[in-house]
Amino acid sequence: MLEITPITPTLGAEVCGIDLSADLSDNLFGAVRDAFNQHSVLLFRGQEMSPEQQVKFSARFGKLMVHVLKESLLEGHPEIYRLSNVVKDGIPQGRANAGQYWHSDLSYEAQPSLGSVLYGIEVPKVGGDTLFTSTAHAYETLSPTMQSFLKGLTGVHQFAHAFRGRTTSPTLSQAKLEERPPVEHPVVRRHQDNGRDCLFVNPGFTINIKELEDQESEILLDFLYAHMTKPEYVLRHKWLPGDVVLWDNRALMHTGVNDYDAASPRHMHRTTIEDAA
Ligand code: OGA
Ligand code: MN
């Protein structure tokens, strides 16, 4: 029996009574998918998944995406993107300090992401939490006038934006960053599976709003980001080894927090599902 317990009033639920490494029946998978569409973040504790099992579970939601940073992919499993601060024999075992800015995974792709599955294999005892906030709730708490204004607007997104004005790692060349050209998405997107309107702009990848002057765009985006990240809207996930967190990139933004001891290993496997809609 699945037991689903909400984590905050606006998003997140812990799911007990399921082994993600097993072949899930259509019924059981359907219950997980329904909970995912309702809560946007699902936490499964105490899991143990091989790369094949993670790929298999994730692929039930849709086609898996391969990340632009090839050196961070798991050998033999290009669908698995490694987040890791571990260095073995001088070779980084994944991308260190990934996603430490509010973002929706791969919003810079023409076909953005439905969701991500992040499996915490080794995690620091303290620190290195991940924060989530609901972009559906953020939209719903704006005035009707602001909501209808936003509905006519288009956001411009690019991968390279995340690195502008930030220290970038020496392995990330400008050419690599520019590999993905800017793409456009509506500022408000209707969620295909729950019908809620969601804001789809984020500090990580959104360059500007196409219809506005630069200063207007900057001020509006700053306002929206401040609104979306109000403390009362934020879920803070503290990782334990064996945690699997599944999140809905259509309905939230998230950020990593770089507050942990660099000497404590943090090693995770992520799969990213494409939004076929
Ligand atoms: C990600 C991400 C943040 C973290 O995996 O997509 O943004 O806390 N991770 O590792
Ligand atoms: Mn991310």
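Everything numeric here is computed off the predicted structure, so don't read it as measured data. Order of appearance sets the numbers: ligands from 1, and atoms from 1 within every ligand.
- Contact atoms of ligand 1 toward Asp105: 6 (O) (distance under 4.0 Å to a heavy atom of the residue).
- Counting only non-hydrogen atoms, the option in Met268, Arg266, His254, Met253 that gets closest to atom 4 (C) of ligand 1 is Arg266.
- In this structure a side-chain-to-backbone donor-acceptor pair under 3.5 Å is missing from Ser104 to Ser107.
- Looking at Leu83 against ligand 1, only its side chain comes within 4.0 Å, counting heavy atoms.
- Under the 4.0 Å criterion applied to side-chain N and carboxylate O atoms, Lys56 and Asp23 are assigned as salt-bridge partners.
- Results of the side-chain hydrogen bond (donor to acceptor under 3.5 Å, both in side chains) test with Asp275 over Arg250, Gln111, Arg189 single out Arg189 as the only residue that passes.
- Numbered from 1 in the order shown, with element, the atoms of ligand 1 that lie under 4.0 Å from a heavy atom of Thr130 read 4 (C), 8 (O).
- With ligand atoms numbered from 1 in the order given, ligand 1 contributes 1 (C), 5 (O), 6 (O) to contacts under 4.0 Å with heavy atoms of Trp247.
- Judged purely by atom type and a 3.5 angstrom limit, Gln47 uses its side chain to pair as donor or acceptor with the backbone of Leu20.
- For atom 6 (O) of ligand 1, the nearest non-hydrogen atom of the protein is Arg270 NH1, 2.6 Å.
- Within Asp105, OD1 is the N, O or S atom that lies nearest to the Mn ion (ligand 2).
- The minimum distance between the Mn ion (ligand 2) and any N, O or S atom of His254 involves atom NE2.
- Below 4.0 Å from some heavy atom of Gly256 lie the following atoms of ligand 1, by number and element: 3 (C), 4 (C), 8 (O).
- Inclusion of His103 in the set of residues having an N or O under 3.5 Å from an N or O of ligand 1 is warranted.
- We find that Glu122 and Arg266 are not joined by a salt bridge, their nearest charged nitrogen and carboxylate oxygen being 4.0 Å or further apart.
- Cation-pi geometry between Arg60 and Phe29 is satisfied (NZ or CZ under 6.0 Å from the ring centre, within 45° of the ring normal).
- A ring-centre distance under 6.0 Å is not found for Tyr108 and His161.
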